[in-house]
Protein chains: 2
Amino acid sequence: MNKCDQCIVRQLSSLKALNKEEVIKLASSKTTYKIKKGEAIFEEGEVTNGVFCVKDGVGKLSKLSANGKDQIVKLVKSGELLGQRSMISNEPANLTAKAIADMEVCFIPKTEIINFFNTNNQFSLNMMQSVCEDLKESENEKIALVQKTVKQRLAETLLHLHDAFGEDTDKTLKVQLTREELAGIIGTATESCIRLLSDFNKLGLIELVGKKILLKDVRALKKLADN
Amino acid sequence: MNKCDQCIVRQLSSLKALNKEEVIKLASSKTTYKIKKGEAIFEEGEVTNGVFCVKDGVGKLSKLSANGKDQIVKLVKSGELLGQRSMISNEPANLTAKAIADMEVCFIPKTEIINFFNTNNQFSLNMMQSVCEDLKESENEKIALVQKTVKQRLAETLLHLHDAFGEDTDKTLKVQLTREELAGIIGTATESCIRLLSDFNKLGLIELVGKKILLKDVRALKKLADN
DNA sequence: TTATTAAGATGATAATTGTCATGTTATATT
DNA sequence: AATATAACATGACAATTATCATCTTAATAA
């Protein structure tokens, strides 16, 4: 029994199309890394030459602006692949990937992936669908950025974080984002984000448990996000 | 000699990976349509079950918001494919596709494309790269929406339209967009867009020739867009 | 041609959001 | 424990951008 076979990434990502033999090849070519919170997996402009499997933890894909603000494009969690686009496009990374919570990732070299492309159509199709999914999300977020107010986007993002990452035992959001990071996701100033969280708190939509956030009135948040 | 072989889409898109036999199959399965300016090729929510080759004209992919504003996500021109994402994802269209200038498009049924996927690896890879290119653009535009002002985005968009579509004989931009559509691309109110065009005109950055736009000071526009 | 509608333009004003300043509370380091 | 630093919070204010109203000009239909 090799490790990759039981891995969550193997179960959830495009890799699920691989057969036993392929998984064995995969296991022998991979390299495992541990990345501490705050550390980078790869930076914008770097040539990665492969993809990363996220075994555990949470990461962010972001881009630093001229004025020092970090716009977060996507959060990745365990079970997902990282760096697919750059690898397929044969380009250096367009975004920086950093750990938001301690991560364990495996690196799979490009040569291996290309092999799978050539011999396993379902794998190709899966990866294509995964990129398509990212594209759809990105387009919809782009539209939301223009058509919704910061308040609406905050409500929407809180709901999305709840959906995607779930709750801790104390019912607060499981992903631990700083206010600055949350602002980076919704595309606003940190102060605006903090202010709106305060407002939401006063309105009873959420509760601020220290730095953590508890969604108290999901229905009202949904209404706010949509309207 | 069949028509598809000489078609611009065959030369520029993923279809360039097809061999002679495949092109013959393609030609026999396609359907050609003419779409007048303003008409839709497909609408949000529609199941398209194939892709469209843009032989001629210009189209826009957009989404209507609750308040009646039309956010334009992408412009497509001759040589490009349309509807790849929905087809690959097996989903109804996420966006509406409409003609901005009279178009000629060919519809290729999904079954045909899937066949090519299964028998032609280069074709698969090309299409994957095309989606990846869209994803990169979408992410970068998302970042620009947040990190740049409306003024900067307008400058950037004018330059991009110049790059992508070129000039008419009178040196004005070849794509004929209404101010409303231009506003829909940069994500702002029509009035704001008109106002800024006026400002740019007064500053000598552009010249307004009737409804058409002539870029007078490309260097200054670039500086404005980047800074 | 004339009437009608759409597109473009501009002013006045309000709303949203960003920026700067400052204070407080946590967290980490010595 | 004391100090330093980072994260959170809030007020005051300015800048950007949206909205509404009105007007002109161009395109289209009758």
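Every chain is numbered from 1 and lettered A, B, ... according to where its sequence line falls, protein lines coming before strand lines.
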Novice: Tell me the interatomic distance from Phe200(B), atom CZ, to dG8(C), atom C1', rounded to whole angstroms.
Specialist: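 In whole Å, dG8(C) C1' and Phe200(B) CZ are 17 Å from each other.
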
Novice: Mind checking whether Ile213(A) and Leu161(A) have side chains closer than 4.5 Å, heavy atoms only?
Specialist: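 They are not in contact (no side-chain heavy atoms under 4.5 Å apart), so the answer is no.
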
Novice: What stems, by residue range, does DNA chain D take part in, given at least 3 consecutive Watson-Crick or G-U pairs under 3.5 Å?
Specialist: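 Looking at DNA chain D, the stems formed by three or more consecutive pairs are C:1-30 with D:1-30.
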
Novice: Taking only the side-chain nitrogens and oxygens of Lys69(A), find out if one of them lies under 4.0 Å from OP1 or OP2 of dT19(C).
Specialist: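 Yes, because at least one side-chain N or O of Lys69(A) sits under 4.0 Å from OP1 or OP2 of dT19(C).
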
Novice: Is Glu141(A) close to Arg153(A) at the side-chain level, that is, under 4.5 Å between some pair of heavy atoms?
Specialist: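 No, their side chains stay 4.5 Å or more apart.
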
Novice: Looking at Lys174(A) and Glu167(A), is there a salt bridge between them, counting it only when a charged N and a carboxylate O are closer than 4.0 Å?
Specialist: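 Salt bridge flag = no for Lys174(A) with Glu167(A).
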
Novice: Separation of Glu180(A) atom CD from dA7(D) atom P, in whole Å?
Specialist: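 Atom-to-atom, Glu180(A) to dA7(D), this comes out as 7 Å.
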
Novice: Between Cys53(A) and Leu81(A), is any pair of side-chain heavy atoms under 4.5 Å apart?
Specialist: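 Result yes, sub-4.5 Å side-chain heavy-atom pair found.
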
Novice: What protein N or O atoms touch nucleotides 10-13 of chain C N or O atoms at under 3.5 angstrom, if any, and at what distances?
Specialist:
residue, atom, partner, partner atom, Å
dT10(C), OP2, Ser198(B), OG, 2.2
dG11(C), N7, Arg195(B), NH1, 2.9
dG11(C), O6, Arg195(B), NH2, 3.1

Novice: Is there a side-chain contact between Gln147(A) and Lys63(B), using heavy atoms and a 4.5 Å cut-off?
Specialist: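 With C-beta onward as the side chain, the pair stays apart.
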
Novice: Do the side chains of Lys136(B) and Ser89(A) get nearer than 4.5 Å, heavy atoms only?
Specialist: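 A side-chain contact is absent here, since even the closest heavy-atom pair is not under 4.5 Å.
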
Novice: Measure the distance from CG on Leu182(A) to C1' on dC8(D) and round it to the nearest whole Å.
Specialist: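 The distance from CG of Leu182(A) to C1' of dC8(D) comes to 13 Å, rounded to the nearest Å.
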
Novice: Could you tell me which non-hydrogen atom of Gly83(B) sits nearest to which non-hydrogen atom of Phe42(B), and how far apart they are?
Specialist: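 It is CA-CZ, 4.3 Å.
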
Novice: Report yes if the side chains of Lys55(A) and Cys7(A) come closer than 4.5 Å at any heavy-atom pair, otherwise no.
Specialist: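 Lys55(A) reaches Cys7(A) side chain to side chain.
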
Novice: Between dA18(D), dC8(D), dA9(C), which nucleotide gets closest to the side-chain atoms of Arg179(B)?
Specialist: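 For the Arg179(B) side chain, the nearest candidate turns out to be dA9(C).
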
Novice: In the structure I gave you, are the side-chain heavy atoms of Leu182(B) and Leu197(B) within less than 4.5 Å of one another anywhere?
Specialist: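 The answer is yes, as the side chains (C-beta and beyond) meet within the 4.5 Å cut-off.
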
Novice: Could you state the atom-to-atom distance from CD1 of Ile100(B) to P of dA7(C) in whole Å?
Specialist: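 Result: 13 Å.
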
Novice: Can you check the Leu196(A) CG to dA15(C) C1' distance for me, whole Å?
Specialist: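 It is 14 Å, rounded to the nearest whole Å.
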
Novice: Starting at CG of Asp70(B) and ending at P of dA7(C), how long is that distance when rounded to a whole Å?
Specialist: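 For the pair Asp70(B) CG and dA7(C) P, the rounded distance is 12 Å.
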
Novice: I need the CD-P distance between Gln176(A) and dA26(C), as an integer number of Å.
Specialist: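 That distance rounds to 14 Å.
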
Novice: What parts of residues 142-162 of chain B reach DNA chain D, counting only heavy atoms under 4.0 Å away?
Specialist: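 Those residues are Thr149(B), Val150(B).
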
Novice: Going by heavy atoms in the side chains, are Lys60(A) and Leu75(A) under 4.5 Å from each other?
Specialist: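 Of all side-chain heavy-atom pairs linking Leu75(A) with Lys60(A), at least one is under 4.5 Å.
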
Novice: I need the minimum non-hydrogen distance between Ala225(A) and Lys148(A), along with the two atoms involved.
Specialist: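 Scanning both residues, the minimum pair turns out to be O-NZ, 3.0 Å.
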
Novice: Name the closest nucleotide to the Leu208(A) side chain, picking from dA9(C), dA9(D), dA18(D).
Specialist: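 My answer, after comparing the listed nucleotides, is dA9(D).
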
Novice: Given atom NZ of Lys37(B) and atom P of dA27(D), what is their separation to the nearest angstrom?
Specialist: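 Atom NZ in Lys37(B) sits about 10 Å away from atom P in dA27(D).
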
